[in-house]
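Just below is one structure, and these are the notes that go with it.
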Amino acid sequence: MPELPEVETFKKYFDKTSLSQKINNVFIRDNRVLNVQEKIFKKTIRSNIFYSSLRHGKYLFVKLNSGFIVFHFGMSGDLKYFDDIKEEPKHSRILFEFENGNFLSYISQRMFGKVDLTNTIEDFIINKKNLGIDALKMNFEEFKKSLEKRTALAKSALMNQNIIAGIGNIYSDEILYQTRLHPKTKINEVNDSKLREIFETIKNVLKVGIEKKGILKTYPNDFIIPHRKKGELCPRCGGNIERLKIAQRHGFFCPNCQINHNKTSGD
DNA sequence: GGTCATGTTGACTA
DNA sequence: TTAGTCAACATGAC
């Protein structure tokens, strides 16, 4: 599921269920999701406690006695907390057993997600992944600065985790749709007032996403998200929604509403 | 069987 | 250096 709003939803769920409990044991159901040696991971986690969590982009960091565990959810990741081992979900890849007898599963159907350890959050964000600013926490100045000198297409730029962390394929479609920006607009050709509008839209779209807990089918009908399908009509103009491929992903947009919006072409 | 899917990374090219 | 394209990773749904 996970772009920023989904990961934020996981964070809230994790905080509510799994913080401050001693971890009695950890079972690695499939070590392909581990980015660290299984032995080291188990040794680190056993008898440890999840003290607090912090999200940056699509990554969730959880503070341990020393250092952090890092969850990434790929395309099909999830968390589930439960009290009976018989309820262990399908595709549970790592299972934490708490002292109170309850469990937390790190789920990853397609195993694109990864679990890692890091000494500091900065080391992971900056040195290991070179992630950009968090889309939910950034201010306008940071946003503007991060895009300066970037010549990438708007959709690519929004999805580039090294520029802004947290926005993926679905939410970039929504942001471009609401700002009536063609996905192939060059980001450095967007004027200042439009840039401000994009910034405000990012904040609002992510906020709605978090409120809706990332459950896409509950999103407002005037969003493009419920209409990201072939044959759907634009809720604004009634035109046909089209699909195009950018940055290895299929995006949806309304060719009637969304235009190249840059300094040279005027509006 | 073919196509598609909310992601990331490395190789290659311009 | 910056960007675009492609392939690979692995699994399930339609």
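Quick note on labels: first sequence line is chain A, next is B, and so on, each numbered from 1.
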Euclidean distance, atom NZ of residue A:Lys114 to atom C1' of C:dA10 [Å, nearest integer]: 9 Å

Among C:dG4, B:dG7, B:dT8, the nucleotide that comes nearest once only the side chain of A:Asn169 is considered: B:dG7

For atom CZ of A:Arg249 and atom P of B:dA5, their distance in whole Å: 8 Å

Sugar-phosphate only, base, or nothing, as touched by A:Ile246 at under 4.0 Å among non-hydrogen atoms: nothing

A:Lys42, NZ: over 12 other non-hydrogen atoms inside 6.0 angstrom: yes

Euclidean distance, atom CD of residue A:Gln248 to atom P of B:dG7 [Å, nearest integer]: 12 Å

Parallel, tilted or perpendicular: ring planes of A:Phe199 versus A:Phe143, cut at 30 and 60 degrees: tilted

Nearest-Å distance for atom pair CD/C1', residues A:Gln109 and C:dG12: 5 Å

For atom CD1 of A:Ile107 and atom C1' of C:dG12, their distance in whole Å: 15 Å

Nearest-nucleotide pick for A:Met111, side chain only, options being B:dT8, C:dT11, C:dG12: C:dT11

Value in whole Å for how far the P atom of C:dA3 lies from CG of A:Asn160: 8 Å

Stacked cation flag A:Lys80 on A:Phe82, 6.0 angstrom / 45 deg: yes

For atom CD of A:Glu6 and atom P of B:dG7, their distance in whole Å: 9 Å

Listed nucleotide nearest any side-chain atom of A:Arg32, set B:dT9, C:dT2, C:dT11: C:dT11

Runs of at least three Watson-Crick or G-U pairs with DNA chain B, cut-off 3.5 Å: B:2-5 with C:11-14, B:7-14 with C:2-9

Parallel, tilted or perpendicular, as decided by the 30° and 60° cut-offs, for the rings of A:Tyr171 and A:Tyr219: tilted

Aromatic A:Phe61 / basic A:Arg55 pairing, under 6.0 angstrom, 45° off normal: no

A:Lys129 side-chain proximity, nearest of C:dG4, B:dT9, C:dG12: B:dT9

Polar side-chain contact A:Arg150-C:dA3 base: donor and acceptor under 3.5 Å: no

Flag if over 12 foreign heavy atoms under 6.0 Å of CG, A:Asn127: yes

Base of B:dT8 and ring of A:Phe112 stacked, centres under 5.5 Å, planes under 30°: no

C:dT1 and B:dT8, which share atom name P, separated by this distance in whole Å: 23 Å

Atom-pair distance (NZ on A:Lys90; C1' on C:dA10), nearest Å: 14 Å

Comparing A:Arg93 and A:Ser156 on DNA chain C - which has the more 5′ nearest nucleotide: A:Ser156

Interatomic distance, A:Tyr81 atom OH to A:Leu79 atom CG [nearest 0.5 angstrom]: 12.5 Å

